Visitor: 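Please see the structure below; I have some questions.
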Amino acid sequence: MASSSVPSWVALALLLLVALAATANGNELSAGYYENTCPNVQSVVRSVMASSVAAKPRMAPAVLRLFFHDCFINGCDASVLLDATSFSPSEKDVKPNASLTGFTVIDDIKSALEHDCPATVSCADVIALASRDAVALLGGPTWSVPLGRKDSRFAADPESTGKGLPSPHDDLGELITMFAQLNLDARDMTALSGAHTVGMANCDHYRDRVYGPNGDIDPSFAQTTRQKCQGTSGKAPFDVQTPMRFDNAYYRNLIARRGLLTSDQTLYGGGGLQDNLVEMYSTDGEAFARDFAKAMVKMGNIPPPKGMPVEVRLKCSMANY
């Protein structure tokens with residue numbers, strides 16, 4: 001007589017999904033979180049990142065940018081990686097995120113980890129580790145990453161995503177307010193803004209600064225950057241001298257009135273704490289590296305809202321069921 005019971009492998013799979021989805025939100029993060037369950041997690045992430053960046057150097061700043069855009073919206077929960085579904089929009093499709101790349105790198109890391117440690121390492125932790133390694137691969141600092149994040153099952157709504165991300169046109173007051181809402185102070189904001197020492201920006205993000213009646217810009221820089229707008233890519237590097245080296249040149253550029261975005265240049269020229277920090281970082285690369293690492297850990301600790309359904313996703317672009 002045939003058994004009517006559910007096959008054991010199906011039952012096991014269902015139990016696994018329930019367990020993953022039921023994992024509590026808000027656990028304390030720790031560097032040794034995977035010490036017993038996936039001891040090679042850091043070496044796997046580092047290896048895949050090194051290969052990816054060697055093949056496409058632009059993936060390093062791209063992955064770093066993913067971490068920022070993830071953590072600013074509902075905390076560091078990998079919601080920025082979710083594809084749209086029939087019942088849930090995607091943060092990827094909101095205008096500030098339309099130019100994000102690096103998703104394939106995160107997918108490659110997650111695939112390698114699923115092979116070694118199935119259903120163990122969250123996509124949110126993958127982004128956190130990968131962004132740290134991206135900075136190191138660009139010649140910047142490294143740091144110990146607290147781990148144990150969980151992945152949200154849903155993306156934020158488009159309106160919240162659009163309003164929650166800093167704009168390239170923001171002034172200093174707007175930036176300070178936005179960062180403060182995430183428990184990041186003015187020093188954190190100034191150090192984290194130094195991520196713009198690498199990578200490029202689209203012309204739409206800096207057009208107002210280089211074409212407008214702006215007296216707070218070096219004329220030769222404005223002229224050169226306008227030519228970038230008219231070029232085939234329409235992109236300009238944040239730092240012309242060392243566009244792919246994680247150094248403190250960003251702050252020297254601000255002092256020389258060569259900040260690419262309005263939100264960059266607004267950090268310098270108003271006097272007080274901001275000017276002091278920019279001037280310090282411009283001459284003391286070690287101080288910048290140290291403060292940047294601290295601020296990245298602090299930003300990486302931003303949790304999802306209480307009560308948000310979370311899990312360890314098996315695939316970063318979609319919820320488990």
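Keep in mind that this is a model prediction, so the values were computed, not measured.
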Visitor: Between Asp151 (side chain) and Val312 (backbone), is there a donor-acceptor pair under 3.5 Å?
Guide: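 Not at all, since once roles are kept as given, no pair shorter than 3.5 Å links the two residues.
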
Visitor: Taking atom types as modelled, is there a side-chain donor on Asp125 or Tyr34 under 3.5 Å from an acceptor on the other?
Guide: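 Indeed, the side chains of Asp125 and Tyr34 share at least one donor-acceptor pair under 3.5 Å.
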
Visitor: Just by modelled atom types, is the Ser152 backbone N or O under 3.5 Å from a matching donor or acceptor in the Arg313 side chain?
Guide: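 Confirmed, Arg313 side chain pairs with Ser152 backbone.
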
Visitor: Quick check against the 3.5 Å criterion: does Thr266 have a side-chain atom that pairs as donor or acceptor with the backbone of Leu172?
Guide: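 Yes, the answer is positive, given that a donor and an acceptor are paired below the 3.5 Å cut-off.
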
Visitor: Measure up the Phe72 and Phe179 rings against each other and bin them: parallel (under 30°), tilted (30 to 60°), perpendicular (over 60°).
Guide: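 If you compare the ring of Phe72 with that of Phe179, the planes turn out perpendicular.
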
Visitor: For the CD atom on Glu174, are there more than 12 heavy atoms of other groups (residues, nucleotides or ligands in this structure) within a distance under 6.0 Å?
Guide: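 More than 12 heavy atoms, drawn from other residues, nucleotides or ligands, come within 6.0 Å of this atom.
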
Visitor: Under 3.5 Å, is there a donor-acceptor pair between the side chain of Tyr251 and the main chain of Gly194?
Guide: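 Side chain of Tyr251 to backbone of Gly194, a donor-acceptor pair under 3.5 Å: yes, one is there.
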
Visitor: Tell me, yes or no, whether the heavy-atom count around Lys228 atom NZ, taken from other residues, nucleotides or ligands under 6.0 Å, exceeds 12.
Guide: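 At most 12 heavy atoms, drawn from other residues, nucleotides or ligands, come within 6.0 Å of this atom.
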
Visitor: When rounded to the nearest 0.5 angstrom, what is the spacing between CG in Asp108 and OG in Ser47?
Guide: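 Here the rounded value is 11.0 Å.
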
Visitor: Distance from Leu314 atom CG to Cys123 atom SG, nearest 0.5 Å?
Guide: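 If I round to the nearest 0.5 Å, the distance is 8.5 Å.
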
Visitor: Before we go on, tell me: are the rings of Phe288 and Phe246 under 6.0 Å apart, centre to centre?
Guide: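 Yes, the ring centres sit under 6.0 Å apart.
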
Visitor: Minimum heavy-atom separation for Met244 and Gly199, please, with both atom names.
Guide: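 That would be SD-N, 4.5 Å.
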
Visitor: Out of curiosity, Arg257 CZ to Ile217 CD1, how far, rounded to the nearest 0.5 Å?
Guide: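 Going from the CZ atom of Arg257 to the CD1 atom of Ile217 covers 8.5 Å.
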
Visitor: So Leu165 and Met178, do their side chains get closer than 4.5 Å, heavy atoms only?
Guide: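 A side-chain contact is absent here, since even the closest heavy-atom pair is not under 4.5 Å.
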
Visitor: Between the main-chain N or O of Asp204 and the side-chain N or O of Asn202, is there a donor-acceptor pair closer than 3.5 Å?
Guide: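 Flag not set: sc Asn202 to bb Asp204 has no pair under 3.5 Å.
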
Visitor: What I want to check is whether the side chains of Asp247 and Thr242 have a donor and an acceptor closer together than 3.5 Å.
Guide: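 Result is yes, a qualifying pair exists.
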
Visitor: Would you say the side-chain atoms of Ser88 and Arg153 include a donor-acceptor pair closer than 3.5 Å?
Guide: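 Distance-only check fails for Ser88 and Arg153.
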
Visitor: Count the heavy atoms of every other residue, nucleotide or ligand shown that sit under 6.0 Å from CD of Glu35, and state whether that count exceeds 12.
Guide: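 It does not: Glu35 CD has 12 such atoms or fewer within range.
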
Visitor: Between CG of Asp239 and CZ of Arg258, what distance do you get to the nearest 0.5 Å?
Guide: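 Taking CG in Asp239 and CZ in Arg258, the distance rounds to 9.0 Å.
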
Visitor: Is the number of heavy atoms from other residues, nucleotides or ligands within 6.0 Å of CD (Glu159) greater than 12?
Guide: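 Counting neighbours around CD of Glu159, 12 or fewer heavy atoms of other residues, nucleotides or ligands fall under 6.0 Å, so no.
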
Visitor: Rounded at 0.5 Å granularity, tell me how far CG in Leu184 sits from OG1 in Thr190.
Guide: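 Interatomic distance, Leu184 CG to Thr190 OG1, rounded to 0.5 Å: 11.0 Å.
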
Visitor: Ignoring hydrogens and geometry, is there a side-chain-to-backbone donor-acceptor pair from Arg209 to Asp216 under 3.5 Å?
Guide: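 Judged by distance alone, yes, a pair lies under 3.5 Å.
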
Visitor: Atom CG in Leu260, atom OH in Tyr250: separation rounded to 0.5 Å?
Guide: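 The OH atom of Tyr250 is 9.5 Å from CG of Leu260, to the nearest 0.5 Å.
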
Visitor: State, without any angle test, whether Thr161 and Glu91 hold a side-chain donor-acceptor pair at a distance under 3.5 Å.
Guide: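 Their side chains do not contain a donor-acceptor pair, so the 3.5 Å distance test is not met.
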
Visitor: Please answer whether the main-chain N or O of Lys150 pairs with a side-chain N or O of Glu311 as donor and acceptor at a distance below 3.5 Å.
Guide: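 Judged by distance alone, no pair lies under 3.5 Å.
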
Visitor: His196 and ring pair (Phe, Tyr, Trp, His ring centres under 6.0 Å): which single residue from Phe238, Tyr206, Phe68 fits?
Guide: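 Single ring pair (Phe, Tyr, Trp, His ring centres under 6.0 Å) partner of His196 among Phe238, Tyr206, Phe68: Phe238.
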
Visitor: Tell me whether the count of non-hydrogen atoms from other residues, nucleotides or ligands lying under 6.0 Å of NZ in Lys235 goes above 12.
Guide: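 At most 12 heavy atoms, drawn from other residues, nucleotides or ligands, come within 6.0 Å of this atom.
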
Visitor: List the steps, then state whether salt bridge (Lys or Arg N to Asp or Glu O under 4.0 Å) holds for Asp107 with Lys110.
Guide: CA-CA 5 Å; Asp107 288 340; Lys110 178 63 172 174; over 6 Å; no

